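Input: a single structure, listed below in structure tokens.
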There are 2 protein chains.
Amino acid sequence: MRLKRGSEYGIHGVLYLAMQPKDKTTLLNEVAEVLKIPKSYLSKIFQTYTKAGILKSFRGAKRGFALTRPPEKITLKELVESFEGKLLVEGCSLGRDDCPQNKHCSISKRLRKAQSAMDEVLEKTSLKDLMMNFKKI
Amino acid sequence: MRLKRGSEYGIHGVLYLAMQPKDKTTLLNEVAEVLKIPKSYLSKIFQTYTKAGILKSFRGAKRGFALTRPPEKITLKELVESFEGKLLVEGCSLGRDDCPQNKHCSISKRLRKAQSAMDEVLEKTSLKDLMMNFKKI
DNA sequence: TATCTAATAGACCCACTAAGTCCATTTGGA
DNA sequence: TCCAAATGGACTTAGTGGGTCTATTAGATA
């Protein structure tokens with residue numbers, strides 16, 4: 001179970017922003033070049049994060065991207081979910097909404113439990129935690 | 001994060017086998033019809049399980065499928081993994097094996113931790129657990 | 001007010017996977 | 001040797017992932 005490449009690029013990109021001086025805005029171009037990510041693709045990803053309220057973008061003179069919140073208030077969960085979609089699905093985890101078992105299906109129950117175990121770890125991890133032992137590039 | 005349809009069909013199919021009298025072999029056709037799964041597709045899925053050592057198949061007169069082990073010895077994890085692939089990946093969870101951080105990447109570490117939390121729940125769940133509150137169809 | 005540069009929106013593309021289908025072959029007991 | 005079902009492999013079709021390209025817009029400054 002790998003994350004999508006977009007998640008990878010995105011998380012690295014956001015981490016790069018987090019390591020910049022506070023209140024500085026950074027150009028997409030810089031991030032893309034340093035991290036060797038196709039610029040037009042990273043552009044899409046950052047747009048997604050912007051809509052998700054994780055990044056804010058600026059045009060004009062003081063242009064570029066920056067975090068909307070301090071790193072300790074951005075969780076790995078929201079980063080992952082904004083690209084992968086919700087980890088924890090409602091209803092039948094198997095996608096069979098016409099299942100006779102419906103809500104009471106023991107399979108769905110266990111799968112949901114497994115997913116929420118994963119969810120919890122991601123929720124507890126902040127961008128700051130990730131920065132801690134991430135060497136400066 | 002939904003499972004693939006193949007996993008869904010497969011888990012339901014195997015659960016159906018588990019609920020049959022011990023040592024009985026059941027025809028693919030029966031399973032497919034009762035569970036309303038395309039027969040040719042379920043055939044592929046059961047073949048996968050057979051290769052994975054979860055099911056055994058018979059030809060000739062006493063034909064059909066059966067579990068290789070008692071339900072309490074078959075875990076949800078192996079059912080899921082035989083269709084979805086390993087949940088827990090080695091190396092960079094982000095797929096960047098050329099990452100300068102390599103093994104020490106804090107992102108990968110947390111993602112692996114999240115995945116193994118999920119893994120653990122699936123590992124602890126046996127087919128028997130699933131049977132417990134699964135009403136007879 | 002015109003200009004410049006980068007962010008934004010959206011259309012488009014290719015490769016690959018998911019989800020099945022179909023058919024020819026094999027198996028093993030009656 | 002016949003039968004019915006399991007097997008293997010080729011094939012299809014729809015959808016997603018992973019991008020690219022271009023035109024438009026925003027906003028500080030000259």
Side-chain angles (χ1 to χ4, degrees), chain A residues 1-14 17 24-68 80-86 94-96, chain B residues 1-14 17 24-68 80-86 94-96:
Chain A
M1 199 191 45
R2 294 227 130 118
L3 295 183
K4 297 182 192 167
R5 194 162 295 242
S7 293
E8 178 222 329
Y9 289 159
I11 297 172
H12 271 119
V14 170
L17 294 181
K24 187 198 159 202
T25 67
T26 307
L27 294 184
L28 177 69
N29 207 40
E30 178 185 333
V31 184
E33 271 181 18
V34 174
L35 300 182
K36 299 195 179 29
I37 297 171
K39 183 186 161 188
S40 49
Y41 191 34
L42 186 61
S43 161
K44 294 293 170 198
I45 300 167
F46 272 15
Q47 278 176 43
T48 304
Y49 286 146
T50 303
K51 281 174 194 158
I54 296 169
L55 297 184
K56 53 190 166 185
S57 64
F58 303 92
R59 293 172 163 194
K62 191 175 155 289
R63 54 191 174 269
F65 290 86
L67 305 182
T68 54
V80 171
E81 285 196 341
S82 59
F83 225 83
E84 309 280 328
K86 285 265 177 224
L94 303 167
R96 275 215 151 174
Chain B
M1 198 190 48
R2 296 226 126 119
L3 296 182
K4 297 182 193 170
R5 194 164 296 240
S7 293
E8 177 221 329
Y9 290 159
I11 297 172
H12 272 120
V14 170
L17 294 180
K24 187 197 157 201
T25 66
T26 306
L27 295 183
L28 178 69
N29 208 39
E30 178 185 332
V31 184
E33 271 180 19
V34 173
L35 301 182
K36 300 193 179 30
I37 297 171
K39 183 185 161 188
S40 49
Y41 191 34
L42 186 61
S43 160
K44 295 294 171 198
I45 299 166
F46 272 15
Q47 278 176 41
T48 304
Y49 287 145
T50 302
K51 281 173 192 156
I54 296 169
L55 297 184
K56 52 190 167 186
S57 65
F58 304 91
R59 293 170 162 195
K62 190 175 155 291
R63 55 190 173 271
F65 290 86
L67 305 181
T68 54
V80 171
E81 285 196 341
S82 60
F83 225 84
E84 311 279 328
K86 285 268 177 220
L94 303 167
R96 276 216 151 172

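This one's a predicted model, so the numbers in the text were calculated from it and none came from an experiment. The chains referred to below are lettered A, B, ... by the order of the sequence lines, with proteins before strands, and numbering in each begins at 1.
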Output the rounded distance in Å from [atom1] ([X]) to [atom2] ([N]).
| X | N | atom1 | atom2 | result |
| --- | --- | --- | --- | --- |
| B:Glu33 | D:dA5 | CD | P | 11 Å |
| A:Phe83 | D:dG17 | CZ | P | 9 Å |
| A:Tyr41 | C:dT8 | OH | C1' | 17 Å |
| B:Leu55 | D:dA6 | CG | P | 12 Å |
| A:Arg5 | C:dT17 | CZ | P | 12 Å |
| B:Glu30 | D:dA6 | CD | P | 11 Å |
| B:Arg2 | C:dA18 | CZ | C1' | 15 Å |
| B:Leu42 | C:dT21 | CG | C1' | 14 Å |

message: Going by side chain to side chain donor-acceptor pair (under 3.5 Å), name the residues that satisfy it together with B:Ser43, two or more places apart in sequence or in a different chain.
response: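 Side chain to side chain donor-acceptor pair (under 3.5 Å) list for B:Ser43, sorted by chain: B:Gln47.
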query: Between B:Lys39 and A:Gly64, who's closer to the 5' end of DNA chain C by nearest nucleotide?
result: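 Going by which nucleotide is closer to the 5' end, it is A:Gly64.
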- prompt: Taking only N and O in the side chain of A:Tyr9, is any of them less than 4.0 Å away from OP1 or OP2 of D:dG18?
  reply: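 No, outside the criterion.
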Hey, is the main chain of [Y] close enough, under 3.5 Å, to the side chain of [X] for a donor-acceptor pair?
| X | Y | answer |
| --- | --- | --- |
| B:Thr68 | B:Gly53 | yes |
| B:Thr50 | B:Phe46 | yes |
| A:Thr26 | A:Leu17 | no |
| A:Glu84 | A:Lys4 | yes |

task: Consider the side chain of A:Arg63, meaning its heavy atoms from C-beta on, and name the nucleotide among C:dC22, C:dA6, D:dC21 that approaches it most closely.
output: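 My answer, after comparing the listed nucleotides, is C:dA6.
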query: How close do B:Phe58 and B:Ala66 get, heavy atom to heavy atom, and via which atoms?
result: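 Smallest interatomic distance, heavy atoms only, reads CE1-CB, 4.4 Å.
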- prompt: What one-letter contact string describes nucleotides 7-16 of chain D from 5' to 3', where B marks a base within less than 4.0 Å of any protein heavy atom, S marks contact via sugar-phosphate atoms alone, and - marks no contact?
  reply: BBB-------
field: Set of ring pair (Phe, Tyr, Trp, His ring centres under 6.0 Å) partners for B:Tyr49, sequence neighbours left out
entry: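 So B:Tyr49 forms no ring pair (Phe, Tyr, Trp, His ring centres under 6.0 Å) with any residue.
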